[in-house]
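What follows is a set of notes on a single structure, which appears directly below.
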Amino acid sequence: MLSATDIKHLGLTQTLELTTRDLYKFVVGRKSLSDDESQMLAQFHSHHVAYEQTINGLLGKNAVSERDEAMYVGFLQKLSESPNVWTALLQIENSLITTHTKSIESIESAKVAAVIASMITIEARHAAILATMTSTNLSLALDNKESVLVVS
Amino acid sequence: MIALTRRELLRLSGVSIASGLVLAACGKQAGVIDDNAITILGKSPVTTPLADAEVTDAVLLRTAASLEYNAIETYATALESKLLTGDLKKVAEMAKRFSEDHQQHADAVNALAVKLGAKEYLCGNSRINDAYLAPALKIITDSDNSNSAMDIVALAHAVENLAAQTYQGVVELLSDPMLRADAMRIGQQEARHAALLAQVLNPGLDHVGPTSDEKTGKPNIAAVPSAFGSLANIQLTVGKPKPDGSRTILLLETPSLNSLVYDFVACQA
């Protein structure tokens, strides 16, 4: 049984993953992407769907069903401008990693923390690949300077 | 099915109780002092009790530090081998940066271990080295191996996956939530290293996700191989091709009970 603290943090995580799922859905449908780019982003989108659904399973009746509208609109604006797509997606993934890691500091159940950790590992891989889409600078792919996301 | 009558059942239960009584009578009894009446032939060897091997947060952090040194040593070997030249010159730059990252990670986890009252661990995990890295390097650097350069990149990729998996795996074992988060702050960067090296080994956006070899059906190296971070063993394919075209496959596993760096484990000179 989940503690009240864990329910709160998983709820936040699910909200962020729901929002990211919808942001990727918006990007995948863009015609400016090549087939390979579109296929790769569809895969990343499917991962965020899997995260949201996994947390949904953990939360059960406490599950969240809505994205964070303020975060969605904020990133949608960036994603709407073609040259910013990769930078914005990188920012989203890095922000998720920072926020999920911060959540682990407070999550009481080790098993729940392990689930979030397995998501972070893959989101870090997403981020590294997204960084290579705009630059050969290793620091961009390796360093994460994004802050914790706050849900409205 | 064996059909037993009521009489046979009663007889069997009686025999069972009687056997139990005989065995109890033969066994060591509480409160009875051993008078050494039973003769022992020869001299029994003196036994040395094993040291207490408790898996604590400090042990897990020291083990993580040891893997960081394994990674540093792997990159040092790769750079000293002079194999990372020509098309792989950019990998040499990556190796330098990744090695610096691993040194920072080692310092960070050692600092956390010291905070818990443990000693810092400043060398590679000998068990991981002996079981996986040394045998892999022997195959890779064999003079008959024409794939040495890419194989050393494959070894680095396997080591990065090993490190990423280790940090992810210890999250469930660490008792302090703050340490779990610290582990993932480092582990996520190991995953980034692995993703970038995967793109060197199997380049192109169409190989970011999971694909398989058309001939063998085996999975190809992928930057993002699955939706969730795997904790399964890591496959490393190296060496010169055998007559049937296959190459040596080594399976790497994250540190287990026999490769953890317990409090009593010290660096070997």
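We use all heavy atoms of the structure for the numbers below, so side chains are in, but hydrogens, waters and symmetry mates are not. Reminder, nothing fancy here: chain letters follow the sequence lines and each chain counts from 1.
Chain B forms the most heavy-atom pairs under 4.5 Å with one residue out of A:A50, A:A117, A:A113, and that residue is A:A117. No other option in B:L174, B:V224, B:L196 has as many heavy-atom pairs under 4.5 Å with chain A as B:V224. Interface remark: of the candidates B:A227, B:G169, B:G229, B:A227 forms the most heavy-atom pairs closer than 4.5 Å to chain A. Contact count against chain A (heavy-atom pairs under 4.5 Å) is highest for B:P177 among B:P177, B:A195, B:A164, B:G187.
Closest approach of B:F98 to A:L138, counting heavy atoms only: CE2-CD2, 4.4 Å.
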Distance-only check: which donor-acceptor pairs of chain B and chain A lie under 3.5 Å?
unit_1, atom_1, unit_2, atom_2, d
B:R97, NH1, A:S139, OG, 3.2
B:R97, NH2, A:D143, OD1, 2.8
B:N161, OD1, A:R125, NH2, 2.5
B:Q168, OE1, A:T121, OG1, 3.0
B:E172, OE2, A:K111, NZ, 2.9
B:R185, NH2, A:E105, OE2, 2.6
B:Q189, NE2, A:L142, O, 3.2
B:R192, NH1, A:N94, OD1, 3.2
B:R192, NH1, A:A141, O, 3.1
B:R192, NH2, A:N94, OD1, 2.6
B:A223, O, A:R125, NH1, 2.8
B:V224, O, A:Q43, NE2, 3.2
B:A227, O, A:Y51, OH, 2.4
B:G229, N, A:S118, O, 2.8

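Atom CG of B:D52 has 12 or fewer neighbouring heavy atoms from other residues, nucleotides or ligands inside a 6.0 Å radius. Taking a 6.0 Å sphere around CZ of B:R247, one finds it holds more than 12 heavy atoms contributed by other residues, nucleotides or ligands.
Only the side chain of A:I97 comes within less than 4.5 Å of a heavy atom of chain B; its backbone N, CA, C and O stay farther away.
Within the 4.5 Å cutoff, the side chain of B:V171 has no heavy atoms near those of the A:I116 side chain.
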